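Contents: one structure, followed by commentary.
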Amino acid sequence: MPELPEVEVSRQGLLPHLRGKRVLAAAVRTARLRHEIPPELPRLLSGLTLQDIQRRGKYLVFDFGRGWLILHLGMSGSLRLVAPGTPPQKHDHFDLGFADTVMRLRDPRRFGTLVWTDERPEHHPLLAALGIEPLSPAFNGQWLHDAMRKRSAPVKPVLMDGHLLVGVGNIYASESLYHAGISPLRAANRISHGRCDLLAVAIRETLGASIAAGGSSVRDYVHSDGGAGCFQLSCAVYDRDGQACPACGTPVRITRQAGRSTYWCPSCQR
DNA sequence: CTGGTCACCTGGAAGC
DNA sequence: TGCTTCCAGGTGACCA
């Protein structure tokens, strides 16, 4: 499920409930995620106080001052807060237990990741090679134009390359290109400066609007079933194959790129 | 280096 | 109803 907005909404929803609290117990029920959850994790976490929760790309970093828990939700992961004693359900793989609440990780497809590090997390192999944050001030059209200069692949899969920029997954790649009026089939290095400016703005605004939409229901998101809250923003083209483009009415087209579905308006996007 | 394909895993929807 | 097939919001290993 999660692209950058969903991860950020989770972070914002969890932080006020967990910051400054001490871990009473942690439990690993299923160790075999994408990377094996270290068996000693409960022992390492017990007694530590959660200082902060940061986000890097689609990763959450739980800062315990002298160690960091790095978490990725994969395709199907979600975090929720449940009352202590709540029986785990199928696919509830990990608990981080505090005195008054339990943060529970559910991930049916088990593409998620949960690792511990003693070193600065930005040096961890999972995070060290990540690209620029699209919501940071340094990300703009000029940066994008430079970064894509040597990329002759279609722009859509290039936008999804986490080594270039983080957080733009399959949904927001399609949506951002639509809002910028750029065809997903266009070679990344054949987009003008001016259109890179438009694209950078579209990426930032698409992500930002989605965070804002999810953020308004953050409490529901973490406290209820954990699934729905942040997907209220309707998409213009994503998952709308054959439906009318909101701007011109042309049927939205679906194309396969690098194994992923791309949705776009062949009339508005050139 | 770059770009495309595939595997990892489960579950829901669609097709027969 | 029940079986089969396809698809899903991520990532990195592997190959040409």
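Proteins come first, then strands; the chains are lettered A, B, ... in the order of their sequence lines, and each starts at number 1. Please read these numbers as outputs of a predicted model, since none were measured by experiment.
Between C:dG10, C:dA8, B:dT10, one nucleotide has an atom nearer to the side chain of A:Tyr263 than all others, and that is C:dA8. Taking the side chain of A:Met160 as heavy atoms from C-beta on, and the options B:dG11, B:dT5, C:dG10, the nearest nucleotide is C:dG10. Nearest nucleotide to the side chain of A:Lys58, out of B:dG11, C:dG10, C:dG12: C:dG10. In this structure, the nucleotide among B:dG11, C:dG10, C:dG12 sitting nearest to the side chain of A:Lys90 is B:dG11.
Among the heavy atoms of the strands lying under 4.0 Å from A:Arg34 is at least one base atom, whether or not backbone atoms are also near. Within 4.0 Å of A:Arg260, counting heavy atoms only, lies at least one base atom of the nucleic acid. Residue contacts for A:Ser261: at a heavy-atom cut-off of 4.0 Å it reaches the sugar-phosphate backbone alone, with no base atom in range.
Taking a pair as Watson-Crick or G-U wobble with both distances under 3.5 Å, DNA chain C forms stems of 3 or more consecutive pairs at B:2-8 with C:10-16, B:10-16 with C:2-8.
Side-chain N/O atoms of A:Arg110 and base N/O atoms of B:dC9 include no donor-acceptor pair closer than 3.5 Å.
Contacts classified as side chain to side chain donor-acceptor pair (under 3.5 Å) and involving residues 119-146 of chain A (residues at least two apart or in different chains) are given here: A:Arg55-A:Glu133, A:Arg56-A:Glu133, A:Arg120-A:Glu122, A:Gln142-A:Asp146, A:His145-A:His193, A:Asp146-A:Arg149.
The stretch residues 146-159 of chain A comes close to DNA chain B through A:Arg151, A:Ser152, A:Ala153, A:Pro154, each having a heavy atom under 4.0 Å from the strand.
Ionic pairing of A:Asp52 and A:Arg19 is present here: one or more N-O contacts between side-chain nitrogen and carboxylate oxygen are shorter than 4.0 angstrom.
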